[in-house]
Amino acid sequence: MRCIIHQNRMARVMWAVLIFFLFPGFIFSPAPVLSEEPAGRLDFLLPAPDNAVHRQYLGLSTDKPFSLGQIKAQVVIVEIFSMYCPVCQREAENINAVFRLIQSRPGLKDKVKLIGIGAGNSAYEVEFFREKYSIEFPLFSDTDFSIHKKIGEVRTPHFFCLSLDGNNGFSVFYSGTEAIETPEAFLQTLLKDSGIKTAP
Amino acid sequence: MKFVMMTLLGIALLGFGIAGPCFCESIAFGNKIFDQGTLKPVDSVLKIKTGDTAPDFALTSITGEEVRLSSYIGRKNVMLSFIPAAWTPVCSDQWPGYNIAEDIFRRYDTVLIGISTDPLPTLFAWTRDMGGLWFDVVSDFWPHGAVSETYGVLRSNGTAERAIVLIDKKGVIRFVHVGDINLRPDLGMLVREMEKLNP
């Protein structure tokens, strides 16, 4: 009898240890994990930008962490970049051009928003990249790769394009690792695939 | 039951132990990056410390010119960036960042020298895929790892640690960082240390 009790206790301890190591993310994850997301849905928490212009751009009325679903837009383009990525460096001017194209069109600038996530980049490194390339749209640091791991450890530069899915969230309609050949063509393709109607 | 549990536990521990290093691979290198998995964080014993005179060396750079540390005495601060190996994930995700920070190094009157125990042709091809670098990249291949060994950053497999050594204009070591080989040092840390030399 004592042997059976001992075995049960041992089994419970072993299961606890097993779960601890098999699912360390449950315990250690610094990732801003949201509730379980439907297929195709992409969401994670980001800190509200310190810059008031960027908060206004994203339509945030709070300085608390926000989820992608809170961004006021119909389409959100998320660039996964790194200041250590030679292609991201070369592409900085092109993604700036995409941003300027969006902002220059009254029928578009309130519907399409652009953000960047610096995979493995500290706040210092993201700020350095922003200043180096005069980037006007909001960039966020992912120092510990928590977002990068959550989205599948994509290579850089990688673009996720998201559209409103009717449930106060965004779903991915495009995901690709690539350099932007032509900003205008890149934007037009995304707009066409997004299905949103845009005034000229 | 006990056997099954122990087996599962073993698998779980193995999986935990071989989690990959932290890096984000650029498409700049195509499919040429060799992932070694997670390595022993540090595998050497430092032979230098802050306040020491930096051991002099003369190594050949990928341009074919000799780079002699003592030639900078009285003229420039020097930052040595030891990296383990070309064509590996974290290393390929380090120097390209320094490549866009030339103005910071200039601001602090500091030259950057990249050092690896890889042979020159390998370093030449690898840095070409980065688009070229503004700073000197030198090979510590032969006598193999001699400079790395003098500084105490040569690992048991013949590669160097991921280490930063900052030397002032008098040739004195002012900062040493031998980090986890699986992680890239933060650029912010390097800048803060250079700032200290130029208050």
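Proteins come first, then strands; the chains are lettered A, B, ... in the order of their sequence lines, and each starts at number 1.
B:Val178 and B:Ile164 fall into different hydrophobic clusters, where Ile, Leu, Val, Met, Phe, Trp and Tyr side chains are chained together by heavy-atom contacts under 4.5 Å. Two different hydrophobic clusters hold B:Phe82 and B:Leu154 under the rule that ILVMFWY side chains link at heavy-atom gaps under 4.5 Å. Following chains of ILVMFWY side-chain contacts shorter than 4.5 Å, one can reach A:Phe140 starting from A:Phe170, so the two form part of one hydrophobic cluster. Under the 4.5 Å side-chain contact rule for hydrophobic residues, B:Val137 and B:Ile115 do not share a cluster.
Distance alone, capped at 3.5 Å, places no donor-acceptor pair between the A:Arg90 side chain and the B:Gly131 backbone. Side chain of A:Gln89 to backbone of B:Pro96: a donor-acceptor contact under 3.5 angstrom is found.
Proximity to chain A (any heavy atom under 4.5 Å) is restricted, for B:Asp103, to the side chain, taken from C-beta onward. Neither the backbone nor the side chain of A:Phe81 comes within contact range of chain B, judged by heavy atoms closer than 4.5 Å. Only the side chain of A:Tyr124 comes within contact range of chain B, judged by heavy atoms closer than 4.5 Å.
For the pair A:Ala179 and B:Ile27, the tightest heavy-atom approach, listed with the atom from each and the gap, is N-CD1, 4.2 Å. Listed here is the closest heavy atom pair of A:Met83 and B:Leu187: CE-CD2, 3.8 Å.
Other residues, nucleotides and ligands place no more than 12 heavy atoms under 6.0 Å from the CZ atom of B:Arg106. Residue A:Gln56 qualifies as open at atom CD: its count of foreign heavy atoms under 6.0 Å is 12 or below. Atom CH2 of B:Trp142 has 12 or fewer neighbouring heavy atoms from other residues, nucleotides or ligands inside a 6.0 Å radius. Atom NZ of B:Lys169 is surrounded by more than 12 heavy atoms from other residues, nucleotides or ligands within 6.0 Å.
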**OP:** Using the side chain to side chain contact (heavy atoms under 4.5 Å, CB included) rule, take B:Ile100 and A:Tyr84 through it: C-alpha gap first, then chi angles, then the decisive distance, then the call.
**Re:** CA-CA 9 Å; B:Ile100 59 171; A:Tyr84 293 90; over 6 Å; no
**OP:** Show your reasoning for whether side chain to side chain contact (heavy atoms under 4.5 Å, CB included) applies to A:Asn121 and B:Arg184.
**Re:** CA-CA 10 Å; A:Asn121 288 186; B:Arg184 183 188 55 228; 3.6 Å; yes
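Between chain A and the options B:Asp129, B:Ile104, B:Asp186, B:Asn99, the largest number of non-hydrogen pairs under 4.5 Å is found for B:Asp186.
A:Arg155 has its side chain out of reach of B:Ile33: every pair of non-hydrogen atoms, C-beta onward, lies at least 4.5 Å apart.
Atoms CG and CG, on B:Leu183 and A:Asp144 in that order, are 11.5 Å from each other to the nearest 0.5 Å.
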